[in-house]
Amino acid sequence: GVEVGPQPQGVVRADTLDKMRKIVKHGLDFVQLFNEGREFPPCTIEVFKVMEKVDYPRNKNDEVIAIIHPKLQDQDWQPLNNGDPLFLTLDGEVIAYKGECTVYPTFINEAAYYEKKQAFVKTVKIKLTAKHIRSSVL
C-alpha cells in the first residue's frame with residue numbers, strides 16, 4: 001500500500017493525488033525492470049524509523065490540557081531538537097521537547113488520531129543500505 005499525505009479526511013487534493021500516481025508509477029517501473037532482469041546497484045537511502053507515539057498532555061481526569069505549539073504545526077518530517085516548543089497549554093505556557101536526540105515528528109495534530117490519544121509520532125532518521133539485486137528468473 002501507499003499512503004500519501006498529510007491530507008484531511010474525506011478531502012481529495014490534486015497535488016496529493018499527483019504524488020500518489022508518481023510513486024505508484026515508479027514502483028511499477030521498478031517491478032517491470034526487475035522482471036526483465038535488470039541489475040540494480042547497491043544503494044543507501046535515508047528513512048524515518050518510528051520510535052513512539054506521543055499523546056497530548058492530560059490532567060488527572062484524562063482531559064487534554066495543551067495543544068500543538070504553533071511552531072510545530074505543519075512541520076511534519078522537520079527536525080525537533082531538545083528545547084524546541086512542543087505544546088502550548090490553554091494558559092499560554094510553552095511545553096518544550098525534552099529529548100536526548102533530534103527527532104522528526106510526523107502525523108502532527110492529525111484529526112484521525114485524536115481518539116487514539118496521539119498528538120504526533122516521533123521518528124528518527126536512519127540510513128538503510130541495500131545490496132545489488134537482480135532477478136534470478138530470466
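Computed over heavy atoms, backbone and side chain alike; hydrogens, waters and symmetry mates excluded.
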Do Lys19 and Thr16 pass the side chain to side chain contact (heavy atoms under 4.5 Å, CB included) test, and can you show the C-alpha distance, the side-chain angles, and the key distance before you say yes or no?
CA-CA 5 Å; Lys19 288 176 187 177; Thr16 303; 5.5 Å; no
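- Here CG of Asp76 is found 6.5 Å from CD of Glu110. Values are rounded to the nearest 0.5 Å.
- Val103 is not connected to Val50 by any chain of hydrophobic side-chain contacts under 4.5 Å among Ile, Leu, Val, Met, Phe, Trp and Tyr, and they are in different clusters.
- Both Leu80 and Val124 belong to a common hydrophobic cluster when Ile, Leu, Val, Met, Phe, Trp and Tyr are linked at side-chain heavy-atom distances under 4.5 angstrom.
- More than 12 heavy atoms of other shown residues, nucleotides or ligands fall within 6.0 angstrom of atom CG in Leu90.
- Aromatic ring orientation, Phe48 versus Trp77: tilted (interplanar angle from 30° to 60°).
- Taking each heavy atom of Asp15 and Arg13 in turn, the nearest pair found is OD2-NH2, 2.7 Å.
- Residues Gln78 and Pro105 approach most closely at O-CD, 3.2 Å, considering heavy atoms.
- Looking at Thr102 and Lys125, their side chains never come closer than 4.5 Å, going by heavy atoms from C-beta outward.
- Considering all non-hydrogen atoms of both residues, Leu72 and Pro85 come closest at CB-O, 4.1 Å.
- Among residue pairs with one or both ends in residues 24-34, those qualifying as salt bridge (Lys or Arg N to Asp or Glu O under 4.0 Å) are Lys25-Asp29; sequence neighbours excluded.
- Note that CD of Gln73 is 4.5 Å distant from CG of Asn109, once rounded to the nearest 0.5 Å.
- Heavy atoms only, all atoms of each residue included: Phe30 and Ile133 are closest at CZ-CD1, 3.7 Å.
- Annotation: side chain of Thr89 is not in contact with side chain of Pro57 (no heavy-atom distance under 4.5 Å).
- A continuous path of hydrophobic side-chain contacts links Met51 to Leu128 [ILVMFWY only; heavy atoms under 4.5 Å].
- Shortest non-hydrogen contact noted between Thr44 and Lys127 is CG2-CB, 4.0 Å.
- The CD1 atom of Ile95 lies 7.5 Å from the CG atom of Leu86; values are rounded to the nearest 0.5 Å.
- Side-chain N or O atoms of Thr123 include one that pairs as donor or acceptor with a backbone N or O of Tyr104 at under 3.5 Å.
- For the pair Gln32 and Asn35, the minimum side-chain heavy-atom distance is 4.5 Å or more.
- For the pair Asn82 (side chain) and Glu100 (backbone), a donor-acceptor distance under 3.5 Å is absent.
- Both Ile67 and Val94 are assigned to one and the same hydrophobic cluster, defined by single-linkage of ILVMFWY side chains at heavy-atom distances under 4.5 Å.
- Taking the six-membered ring for Trp, Tyr114 and Tyr56 have ring centres closer than 6.0 Å.
- Across all non-hydrogen atoms, the minimal contact from Val121 to Phe107 is CG2-CD1, 3.9 Å.
- Around atom CD of Glu39, more than 12 heavy atoms belonging to other residues, nucleotides or ligands sit under 6.0 Å away.
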The test is side chain to side chain contact (heavy atoms under 4.5 Å, CB included); show your working for His69 and Asp84 and say whether it passes.
CA-CA 10 Å; His69 192 279; Asp84 286 348; over 6 Å; no
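- For CD1 of Ile23, the number of neighbouring non-hydrogen atoms (other residues, nucleotides, ligands) closer than 6.0 Å is 12 at most.
- Interatomic distance, Lys53 NZ to Lys116 NZ, rounded to the nearest 0.5 Å: 7.0 Å.
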Steps toward side chain to side chain contact (heavy atoms under 4.5 Å, CB included) verdict (Val47, Ile126)
CA-CA 6 Å; Val47 299; Ile126 62 171; 3.5 Å; yes
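- Distance alone, capped at 3.5 Å, is enough to place a donor-acceptor pair between the Asn59 side chain and the Asn61 backbone.
- Under the 6.0 Å distance and 45° angle rule, Arg38 counts as a cation-pi partner of Phe40.
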Under the side chain to side chain contact (heavy atoms under 4.5 Å, CB included) rule, what do Phe120 and Thr106 come out as? Steps first, then yes or no, please.
CA-CA 6 Å; Phe120 63 92; Thr106 189; over 6 Å; no
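- A 6.0 Å sphere centred on CZ of Arg58 holds more than 12 heavy atoms belonging to other residues, nucleotides or ligands.
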